[in-house]
Amino acid sequence: MVALFKASSACYIQSQHTTSTKRRRTHDVVRIRPPPPPRSSPLRIAEDMASKLGLEITIADLERLFRQAPGGHPPPPAADAGDHGGRPPVRVAYQGGRGSYCQEAAAKAFPPSSSWQQPPALIIPCSEMEEAFAALEDGAADRAVVPAENSVDGPVPRNLDLLLRHPRVCIVGELVLPVNHCLLSLPHAPRSALRRVVSHPQAISHCRDRLRALHLQVEEVASAADAARFVAENRIADTAVIGSQIAAHEFGLRVLENNFQDLAGNFNRFLQLGLAGSTGAVVSEPNLDDNDNNNHKTTVAFSLERGVSDLFRAMWIFESRGVRVARVDHRPNRSKPVRVEEREEAGEIARFDYVFVLDLDGNASDTNVEAALARLKEIAGFARVLGSYTCTSSLA
């Protein structure tokens, strides 16, 4: 039955598209536009969503829902600093759309100030990961918030690669938040009317056992936030969404269950980014109130002339000076992806080369950290501090 709905929905939308030219004179609301790029088009996202949910939605309806700025997100409101002593708001770009978990993190990183002189932060969505970095470099944003790691699924390597590729962007803060997957539905829809649950594949994997107990159809979608908005605006009573608490607030949905995930110990780590100054990486001021959970960290990236076999030397530089290494990661060395080693018996051997990324406890200006970084640069092919910053953890 669901397959039949999907097929009929797709056919209906296609027929509307092909015959709309004939009806243009009598149906002015239908406008035919050139086919958008398949990845970034919000119209295509809506069409796919309609197909998944078995809906018959015309092209005019889809355009009404997604008539927005490029990227599928509404343009940010104009900044108004008149009531705040002339101080403009901090412009914060975040990866994702309205209702995303990253928007939730940005709101927590930049909460409303109790001072009348500081206006509320202007939170700006970015549909593509690169857009948040570009917004900083172009001066369209003062800060950016991006996801870095999930305690169940591991790091987000794309953002680490972007940090390495954008030397002007640096880490100025870190925020660790507990995951709260919410089961969302229309406000007055009876729970007995639910037939399916939709969400991003990662959220679905986090809630697998809970979903199995519901005995409902489960559908994967590209964006949980887009699905929440789609369900809300089309009043779809038989569909629930696993999404964020801020999605419920943004789109007027009801939270059927908080913390719907299977594991209680599930956390997300977000990075707050800014531009490096002329003297190096900027050191951020904490945006949340200081408390016992705050600590200073420094992140450094480097390559080694002799590759992985020299990693123990780099680690010993920090260990011998009492600098704790909190985290180790590596990424492909794009400038030199393969190194060739000469072996007497085997001849030439090709090995992949890597950039190593370490999180260190302490500020880059601390005596021991500063000395260790100076020594690292002596043995490294290259070394760059990606940021020295305050980490704020909210474990409850």
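FYI, side chains are in, hydrogens and waters are out, and symmetry mates aren't considered; it's all heavy atoms of this structure. All of these numbers come straight from a predicted model, not from anything done at the bench.
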If you take all heavy atoms of Val92 and Ala106, which pair is closest and at what distance? CG1-CB, 4.2 Å
Full working for side-chain hydrogen bond (donor to acceptor under 3.5 Å, both in side chains) between Asn266 and His206: CA-CA 9 Å; Asn266 193 345; His206 289 178; 3.3 Å; yes
With a 3.5 Å cut-off and no angle check, do the side chains of Asn259 and Gln261 form a donor-acceptor pair? yes
Flag the pair Glu319 and Arg324 as a salt bridge only when some basic side-chain nitrogen lies within less than 4.0 angstrom of an acidic carboxylate oxygen. no
Would you say the side-chain atoms of Asn159 pair up with the backbone N or O of Pro147, donor to acceptor, closer than 3.5 Å? yes
Determine whether the side chains of Asn268 and Glu149 contain a donor N or O and an acceptor N or O closer than 3.5 Å. no
Out of curiosity, Tyr389 OH to Cys170 SG, how far, rounded to the nearest 0.5 Å? 11.0 Å
Is a donor on one side and an acceptor on the other found under 3.5 Å between the side chain of Glu233 and the backbone of Arg229? no
Do we see a donor-acceptor contact under 3.5 Å between the side chains of Asp361 and Asn295? no
With Tyr354 as reference, evaluate Asp329, Asn333, Val308 under the side chain to side chain contact (heavy atoms under 4.5 Å, CB included) test and give the passing residue. Val308
If you take the centroid of each ring, where Trp contributes its six-membered ring, are His330 and Phe352 closer together than 6.0 Å? no
Show your reasoning for whether side chain to side chain contact (heavy atoms under 4.5 Å, CB included) applies to Leu311 and Phe356. CA-CA 9 Å; Leu311 184 57; Phe356 300 97; 4.0 Å; yes
Can you tell me how far the CZ atom of Phe302 sits from the CG atom of Leu386, to the nearest 0.5 Å? 11.0 Å
Look up atom SG in Cys182 and atom CD1 in Ile246, then write down how far apart they are to the nearest 0.5 Å. 11.0 Å
Decide yes or no for Leu253 and Leu186: does some side-chain heavy atom of the first lie under 4.5 Å from some side-chain heavy atom of the second? yes
Under the salt bridge (Lys or Arg N to Asp or Glu O under 4.0 Å) criterion, do Glu257 and Arg191 qualify, and how do the steps go? CA-CA 11 Å; Glu257 288 191 46; Arg191 190 157 181 167; 2.7 Å; yes
With a 4.5 Å limit on heavy-atom distance, are the side chains of Val355 and Phe382 in contact? yes
Asp209 and Arg212 ion-paired at < 4.0 Å: yes
Is the closest side-chain donor-acceptor distance between Glu104 and Ser100 under 3.5 Å? no
Report the C-alpha separation of His166 and Glu137 in whole Å, then their side-chain angles, then the decisive distance to 0.1 Å, and conclude whether the side-chain hydrogen bond (donor to acceptor under 3.5 Å, both in side chains) test is met. CA-CA 9 Å; His166 293 262; Glu137 294 181 324; 3.1 Å; yes
I'd like to check Asp238 versus Arg196 (side-chain heavy atoms, cut-off strictly below 4.5 Å). Are they in contact? yes
Please assess Tyr101 against His200 for the test side-chain hydrogen bond (donor to acceptor under 3.5 Å, both in side chains), listing each intermediate value before the final yes or no. CA-CA 12 Å; Tyr101 293 92; His200 186 272; over 6 Å; no
So Arg210 and Asp262, do their side chains get closer than 4.5 Å, heavy atoms only? yes
Taking a hydrophobic cluster as the set of Ile, Leu, Val, Met, Phe, Trp and Tyr residues connected by side-chain heavy atoms closer than 4.5 Å, whether directly or through intermediates, do Leu184 and Ile204 fall within one such cluster? no
Are the side chains of Met315 and Val328 in contact, using a 4.5 Å heavy-atom criterion? yes
Side-chain contact test, heavy atoms from C-beta onward, threshold under 4.5 Å: evaluate it for Thr298 versus Asp366 and give yes or no. no
Common cluster, Ile236/Val197, ILVMFWY with side-chain heavy-atom separation under 4.5 Å: no
Please find the pair of heavy atoms, one from Lys336 and one from Asp353, that lie closest to each other, and give the distance. O-CB, 3.1 Å
Show the nearest heavy-atom pair for residues Pro187 and Arg254, with the distance to one decimal. O-NE, 3.3 Å
Linking I/L/V/M/F/W/Y whenever their side-chain heavy atoms sit closer than 4.5 Å, directly or via other members, would Leu194 and Leu211 fall into one cluster? yes
Can you check side chain to side chain contact (heavy atoms under 4.5 Å, CB included) on Met129 and Leu162, steps first, answer last? CA-CA 9 Å; Met129 301 180 93; Leu162 289 171; 4.0 Å; yes
Could you state the interatomic distance from NE2 (His296) to OG (Ser365), rounded to the nearest 0.5 Å? 8.5 Å
Would you give the length of the straight line joining atom CG of Leu256 to atom CG of Leu183, rounded to the nearest 0.5 angstrom? 5.0 Å
Heavy-atom pair of closest approach, residues His181 and Ala203: CE1-CB, 3.8 Å
Which pair of heavy atoms, one from Gln95 and one from Ala132, lies closest together, and at what distance? CG-CB, 3.9 Å
So do Thr299 and Val385 actually touch side chain to side chain, heavy atoms under 4.5 Å? no
Any side-chain to backbone donor/acceptor pair from Asp142 onto Arg91? Under 3.5 Å, distance only. yes
Would a hydrophobic clustering, with Ile, Leu, Val, Met, Phe, Trp and Tyr connected at side-chain separations under 4.5 Å, put Leu164 with Val156? yes
Take Phe270 and Thr392 through the test side chain to side chain contact (heavy atoms under 4.5 Å, CB included) and record every step on the way to the result. CA-CA 10 Å; Phe270 296 90; Thr392 302; over 6 Å; no
State plainly whether one hydrophobic cluster holds both Val152 and Ile242, where clusters connect Ile, Leu, Val, Met, Phe, Trp and Tyr through side-chain heavy atoms under 4.5 angstrom apart. no
Should Ile379 and Arg313 be marked as a side chain to side chain contact (heavy atoms under 4.5 Å, CB included) after you check the CA-CA gap, both sets of side-chain angles, and the distance that decides it? CA-CA 9 Å; Ile379 70 166; Arg313 295 179 60 198; 3.6 Å; yes
Does any non-hydrogen side-chain atom of Arg375 lie less than 4.5 Å from one of Ser320? no
Any idea which heavy atoms bring Ile123 and Pro125 closest together, and the distance? O-CD, 3.9 Å
If you round to the nearest 0.5 Å, how far is CZ of Arg158 from CZ of Arg331? 9.5 Å
